[in-house]
Amino acid sequence: MRTDLDHFETVARQTVDTMPPAFRSHAQAVLLRVADWPDADMLDALGMDDPLELTGLYEGIPMTEKSVDDFAAPPDTVWLFREPILDEWRARGDITLDMLIAHVVVHEFAHHFGWSDEDIATIDSWWL
């Protein structure tokens with residue numbers, strides 16, 4: 001089984017490519033980054049001490065909050081963090097790694113689409 005960064009990116013891109021058309025075109029415009037660990041600045045901004053707690057992150061302005069009057073902002077980015085995802089996968093033992101990667105991708109893109117964590121929790125019950 002592959003667990004390298006390239007595999008994570010492949011699964012993440014395949015997940016985006018299988019989103020319903022109304023979501024897919026918007027998701028494909030978001031930068032997708034895979035790293036081993038979140039950096040210290042990300043953790044500090046979220047008030048987190050343990051990097052294993054952060055499996056993914058959406059950085060940007062949700063589509064529901066964007067305006068044509070906004071100044072140019074950095075591009076929206078979805079981050080996946082390989083080591084925390086691997087840690088969760090090993091601890092759970094009840095799903096495949098690819099399913100967990102896809103779950104994190106969907107969760108972070110849901111933030112891009114303007115969904116709250118509470119909204120996302122409603123789909124978590126059928127996703128995993």
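For M48 against E53, the heavy-atom pair with the smallest separation is CE-CB, 3.3 Å. Summarising the geometry of V11 relative to A102, their closest heavy-atom pair is CG1-N, 4.3 Å, with the distance given to 0.1 Å. The two residues W89 and L97 have their closest heavy-atom pair at NE1-N, 3.1 Å. E108 approaches Y58 most closely through the heavy-atom pair OE1-N, 3.0 Å.
Residues T77 and L32 fail the side-chain proximity criterion, which asks for heavy atoms closer than 4.5 Å. With a 4.5 Å cut-off on side-chain heavy atoms, L54 and P38 count as touching. By the 4.5 Å heavy-atom criterion applied to side chains, V16 and V105 are counted as neighbours. The shortest side-chain heavy-atom distance between D36 and L5 falls under the 4.5 Å cut-off.
Note that the CG atom of L31 and the CD atom of E59 stand 10.0 Å from one another [nearest 0.5 Å]. Separating the CD1 atom in I95 from the NE2 atom in H103 is a distance of 7.5 Å, to the nearest 0.5 Å. Remark: L100 CG to D94 CG distance equals 9.0 Å, nearest 0.5 Å. A distance of 11.0 Å separates OG1 of T15 from CE of M99, quoted to the nearest 0.5 Å. Taking CZ of R82 as the reference point, atom NE2 of H7 lies at 11.0 Å (rounded to 0.5 Å). Interatomic distance, D44 CG to D49 CG, rounded to the nearest 0.5 Å: 8.5 Å.
Between F113 and F23, the ring center distance clears the sub-6.0 Å criterion.
Taking the six-membered ring for Trp and thresholds of 30 and 60 degrees, H107 and H111 have ring planes more than 60 degrees apart, a perpendicular arrangement.
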side-chain contact (heavy atoms from CB on, under 4.5 Å), that's the test. Do L43 and W37 meet it? Break it down for me.
CA-CA 10 Å; L43 295 171; W37 295 99; over 6 Å; no

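Of the possible polar contacts, none joining the R33 side chain to the W79 backbone as a donor-acceptor pair under 3.5 Å is found.
Connection of L57 to W115 is not established within any shared hydrophobic cluster, with ILVMFWY side chains joined at heavy-atom distances below 4.5 Å, either directly or through further cluster members. V106 and F81 are assigned to two separate hydrophobic clusters, defined by single-linkage of ILVMFWY side chains at heavy-atom distances under 4.5 Å.
For the side chain to side chain contact (heavy atoms under 4.5 Å, CB included) test, residues two or more places apart in sequence or in another chain that qualify with D39 are D41, M42.
Between E9 and the choices V34, D4, I101, L80, the side chain to side chain contact (heavy atoms under 4.5 Å, CB included) rule is met once, by V34.
Residues D17 and Q28 bring a donor and an acceptor atom of their side chains to less than 3.5 Å of each other.
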